[in-house]
Structure formats: structure tokens, C-alpha cells
**Q** 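A single structure is presented below for examination.
Read the numbers this way: they start at 1 and go in the same order the structure lists the ligands and their atoms.
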Amino acid sequence: MSQAVESPGVTVRVPGKINLELVVGPLREDGYHELATVFHTVGIYDHVIATPSDTWSVQVSGQTAEGVPTGDDNLALKAAKSLARRYGVDEAAALTIDKNIPVAGGMAGGSADAAAALVACEALWELQLSRDELEPLAARLGSDVPFLLHGGTAVGSGRGERLAPVLARGELHWVLWVSTDSGLSTPAVYAECDRLREAAGADVPDPVPSGELIAALRTMDTAAVGAVLRNDLQEAACSLYPVLEDVLEAGTSLGARGAIVSGSGPTVAFLVGTQAAAIDLSVGLAARGPAGDIRRATGPVAGAQVVQSVAPAGPPSFTG
Ligand code: C5P
């Protein structure tokens with residue numbers, strides 16, 4: 001392929017996500033929970049580069065590379081191989097991942113890399129597929145992968161793979177507290193949620209998204225959005241990782257308009273009104289909150305996109 005000589009690979013930039021609302025319904029027979037969720041991308045990015053190669057491989061570098069598998073269980077590699085299989089591509093690819101999204105942090109970092117690998121290999125092999133056409137493969141790889149193909153703000157239902165975009169104008173400013181010692185396993189947090197519900201004898205209704213959040217997002221009214229953030233996994237994440245209670249309390253007492261554990265955690269997202277407030281909160285959290293990496297980001301941003309090259313990481317993070 002002559003193009004491969006001029007341009008050896010395709011680089012895709014992909015953001016992480018938080019859930020502005022995560023309503024967890026009953027456990028299904030397939031082991032998943034029925035969800036009503038509002039996904040929202042934030043500007044913390046991984047880059048995935050796909051290069052033509054005779055053999056399959058994946059290499060991982062970057063700020064959060066530690067602990068990411070580099071064998072056949074790497075989700076980006078699985079994604080690339082599944083695309084090749086599905087469309088009869090008789091070529092392999094070498095993947096390079098530059099990681100900046102927290103690992104096992106509740107921000108769908110692995111799913112983001114899988115979505116990016118699909119987009120990168122689709123472009124590398126010139127398959128001419130739309131995002132919608134990539135969705136079934138994405139959904140088989142993980143519940144959050146279809147959302148990361150699109151990005152923005154969207155309602156997810158089913159196990160999270162069925163999407164409907166949300167009309168959201170403007171942007172939200174976030175400060176993220178990222179654990180520097182350990183992550184949380186998503187299945188373990190769902191299992192803890194089930195355990196807590198069973199112990200409380202709680203009835204688990206079918207999940208329904210709240211109209212208030214969708215209305216608040218239409219105008220991006222920070223106070224209104226902050227007041228209705230909801231995560232049904234938060235109690236379970238705090239039960240497995242009690243320092244999260246202190247993190248939530250620290251950010252709230254420092255003036256955040258909203259505070260929520262991101263997905264299955266342990267990343268915590270604080271909503272603030274302006275970029276200046278985000279700087280103030282990051283400085284305050286680094287000085288007074290529990291030890292962690294403090295990052296700033298705005299959302300929503302686009303999902304996996306082909307770019308010219310790996311851009312430098314966003315604003316510097318603080319370690320408190
Ligand atoms: O879909 P994904 O592979 O990302 O999900 C990881 C795990 O999270 C699942 O194996 C399941 O334990 C849990 N999960 C769930 N209900 C969902 C999504 C994920 O129980 N809707």
C-alpha cells in the first residue's frame with residue numbers, strides 16, 4: 001500500500017467518560033444489570049496508533065500505562081482483531097497506546113482504547129464503515145465501547161450499549177480526583193451494589209432516566225446539573241474504597257456545585273461553574289483533600305477521532 005509508506009499509521013484520539021446519571025436496575029440473567037445512564041465525555045485523552053504489520057502486537061506507554069495488559073487480553077487488540085475477522089481483512093496491525101485516562105478508574109479507559117482501535121484500523125484498512133456500522137462490534141467488546149465511538153452526551157440503556165444523543169449546548173467544567181494507589185474492578189463494584197441491596201431488602205425497579213437532568217443539560221445550568229447528579233454505584237464504590245467519602249466531602253466543602261463517583265469508581269468528578277473555579281478547586285483539593293492526582297477537564301467532547309499526531313496532554317495535573 002503506497003499510502004502506508006508515506007504515512008505509516010493512523011492516530012486516533014479518544015476521551016474518557018463520566019456518568020452524570022447511572023441508574024442501576026435489576027441483575028439480568030446474562031450477568032449484566034439493566035441501566036439508565038447519561039454518559040458524558042470529558043477532555044482527558046488516550047491516543048491509539050495503528051500501523052501496518054505482519055504480526056499483531058500492542059505497546060502501551062504514557063502517564064497511566066501501568067497495569068494495562070499488553071497481551072491478547074488487551075481490549076484494543078481484541079477490537080482490532082475482531083474488526084479484521086468481521087470484514088475479512090487479511091492483514092495485521094501493530095497498536096501503540098499513549099495512555100492518559102485513569103486505568104480501572106470508572107472512566108472507561110479500556111473501552112475508549114477499544115473504540116479508538118476500531119476507528120484507527122477502519123481507517124488503516126480503508127473499510128469505509130460508518131460509526132453506526134461499527135456499533136455491533138463495539139457492543140460485543142464492552143458496554144461502554146459504542147458510546148466512545150460517538151462521544152458527546154448521550155442516554156444509554158440496556159446494559160449501556162443502546163444510545164440516544166442528548167441535546168446539550170455549551171460546556172461543563174470538571175475537576176477529577178484520580179486514585180494514585182489502586183483502581184476498582186467494575187464487576188466487583190456491581191457485585192457489592194447487589195450485596196448492599198440484598199442486605200437492605202431493597203426492591204430494584206426497572207431503571208428510568210430522570211427528566212430533571214436532561215432538562216438541566218439543555219441549558220448547561222451548572223447548579224441545576226450539579227444538584228441532580230446520581231450514581232447508584234456510588235455507595236458500593238465507597239463501601240469498597242472508603243476514602244472516597246472523604247474525597248467527596250473535601251470537594252463539596254471547597255465549593256463544588258456537584259460531586260459524584262465516576263461510573264464504578266474510584267475516580268471522583270466535581271462540577272464547577274468556570275475555569276477559574278476549576279483551578280481554585282484543584283489547588284484546594286491538592287492541598288487539603290486525600291492524596292490523589294487532580295486533573296481538570298471540560299465536557300462534552302467528541303468521541304474517537306482520527307488526528308494527525310499525538311497532541312500533548314492537557315493542563316498539568318496536581319498531586320496532592
Ligand atoms: O461490558 P463490560 O465488559 O464493560 O462490563 C464489565 C462488567 O461490569 C460486566 O462483566 C458486569 O459484571 C458489569 N456490568 C454490569 N451491568 C452493566 C455493565 C457492566 O453488571 N450494565
**Q** For Thr252 and Glu249, test the side chains for any donor-to-acceptor distance below 3.5 angstrom and give the result as yes or no.
**A** no
**Q** I'd like to know if Arg195 pairs up with Glu192 as an ion pair, taking the criterion as any Lys NZ or Arg NE/NH1/NH2 lying under 4.0 Å from an Asp or Glu carboxylate oxygen.
**A**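 A salt bridge is present here (some side-chain N lies under 4.0 Å from a carboxylate O).
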**Q** Is there a donor-acceptor contact under 3.5 Å linking the side chains of Ser264 and Thr186?
**A** yes
**Q** So, Asp46 side chain and Ile101 main chain: donor-acceptor pair closer than 3.5 Å or not?
**A**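 Yes.
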**Q** Gln63 side chain to Lys99 main-chain N or O, any donor-acceptor pair under 3.5 Å?
**A** no
**Q** Provide the full list of side chain to side chain donor-acceptor pair (under 3.5 Å) pairs with a residue in residues 210-224, sequence neighbours left out, each pair given once.
**A** Glu21-Ser210
**Q** Could you please provide the protein residues found below 4.0 Å of ligand 1 on a heavy-atom basis, arranged by chain and number?
**A**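 Within 4.0 Å of ligand 1, the protein residues are Gly31, Tyr32, His33, Leu35, Gly142, Ser143, Arg159, Thr186, Pro187, Tyr190.
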